[in-house]
Amino acid sequence: MTAGRGDRAAPPAPGGHWEVRFADAAAAKGWESLAQQARENTYRAWVTMRTAPRPATETPRHHHLKGGLAHGTHRGQTCEQWQIEVTGGGRIWYLLDTVRETCWITFAGTGHPRATDRR
């Protein structure tokens with residue numbers, strides 16, 4: 001996704017920090033909705049992805065996804081998939097690309113992701 005006129009400028013990651021990027025346009029759109037609904041929590045999630053995307057101790061609000069959602073593929077590389085609960089229903093899912101030191105946001109939204117609903 002290429003930035004254009006009027007888009008926010010994201011700072012480059014300093015040493016020891018991770019890049020945070022969108023895996024697709026849907027994730028970028030969901031991010032904007034989430035940021036409008038919960039600005040401070042979305043910012044905190046961004047800082048967490050930037051500085052500690054794989055926490056030493058998982059919490060109910062920040063954890064590695066399980067089962068078929070535990071991993072995803074981006075640019076041909078299989079990566080761990082993590083979740084940050086931003087609000088009661090709002091979530092961010094991201095792939096942890098250790099080769100590129102990048103968090104690829106695969107889902108961001110104000111509602112609970114349907115992929116986790118049990119059938």
Side-chain angles (χ1 to χ4, degrees):
M1 169 180 245
T2 303
R5 175 183 255 171
D7 288 348
R8 226 178 292 122
H17 287 207
W18 291 65
E19 288 288 341
V20 178
R21 297 181 177 267
F22 299 113
D24 56 31
K29 184 176 180 180
W31 177 270
E32 288 302 320
S33 296
L34 193 57
Q36 287 176 3
Q37 184 183 72
R39 183 180 194 97
E40 292 297 319
N41 288 357
T42 303
Y43 173 74
R44 281 191 211 91
W46 180 82
V47 169
T48 296
M49 287 184 285
R50 190 80 180 231
T51 60
R54 183 190 284 136
T57 304
E58 294 183 30
T59 69
R61 295 188 73 102
H62 187 194
H63 58 87
H64 186 205
L65 289 170
K66 309 275 187 265
L69 299 173
H71 294 88
T73 304
H74 187 73
R75 295 186 178 174
Q77 183 174 338
T78 300
C79 305
E80 295 175 9
Q81 187 160 234
W82 288 72
Q83 172 177 277
I84 297 176
E85 181 180 333
V86 179
T87 66
R91 303 286 192 275
I92 297 169
W93 288 3
Y94 61 94
L95 296 175
L96 196 59
D97 183 342
T98 56
V99 172
R100 295 179 184 92
E101 293 188 340
T102 300
C103 294
W104 293 101
I105 298 173
T106 57
F107 173 86
T110 58
H112 196 276
R114 292 179 189 250
T116 58
D117 291 344
R118 294 186 182 199
R119 299 181 195 271

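These numbers come from the heavy atoms of this one structure, side chains and all, not from hydrogens, waters or symmetry mates.
- Checked against Asn41 for a side-chain contact (heavy atoms from CB on, under 4.5 Å), the options Arg39, Arg44, Gln37 give a single hit: Arg44.
- In terms of heavy atoms, Leu34 sits closest to Thr42 at O-OG1, 3.4 Å.
- Checked by atom type and distance alone, the side chain of Arg61 pairs as donor or acceptor with a backbone atom of Val86 at under 3.5 Å.
- Applying the salt bridge (Lys or Arg N to Asp or Glu O under 4.0 Å) test to pairs two or more places apart or on separate chains, those with a residue in residues 96-105 are Asp97-Arg100.
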Inset, instruction - Verify side chain to side chain contact (heavy atoms under 4.5 Å, CB included) between His62 and Gln83, making sure each step is shown before the conclusion. - result: CA-CA 6 Å; His62 187 194; Gln83 172 177 277; over 6 Å; no
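- In Arg50, the CZ atom is crowded: over 12 heavy atoms of neighbouring residues, nucleotides or ligands sit closer than 6.0 Å.
- Leu96 contributes atom CG, which lies 4.5 Å from atom CZ of Arg54 (distance to the nearest 0.5 angstrom).
- Here the closest heavy-atom approach between residue Thr110 and residue Ser33 is recorded as CG2-O, 3.7 Å.
- Across all their heavy atoms, Trp18 and Met49 have their closest contact at CB-O, 3.7 Å.
- Grouping the Ile, Leu, Val, Met, Phe, Trp and Tyr side chains by contacts below 4.5 angstrom, directly or via other members, places Phe22 with Val20.
- If you take OG1 on Thr106 and NE2 on His74, they are separated by 10.0 Å, rounding to the nearest 0.5 Å.
- Shown here for Trp82 and His63, the closest heavy-atom pair between the two residues is CE3-C, 3.3 Å.
- Closest approach of Tyr94 and Pro53 over heavy atoms only: OH-O, 2.5 Å.
- Between the CD1 atom in Ile92 and the SG atom in Cys103 there is a gap of 10.5 Å [rounded to 0.5 Å].
- For the atom pair His71 NE2 and Gln81 CD, the distance stands at 9.5 Å (nearest 0.5 Å).
- Put simply, the side chain of Glu58 gets close to the backbone of His64: a donor and an acceptor are under 3.5 Å apart.
- Here CG of Leu95 is found 11.0 Å from OG1 of Thr102. Values are rounded to the nearest 0.5 Å.
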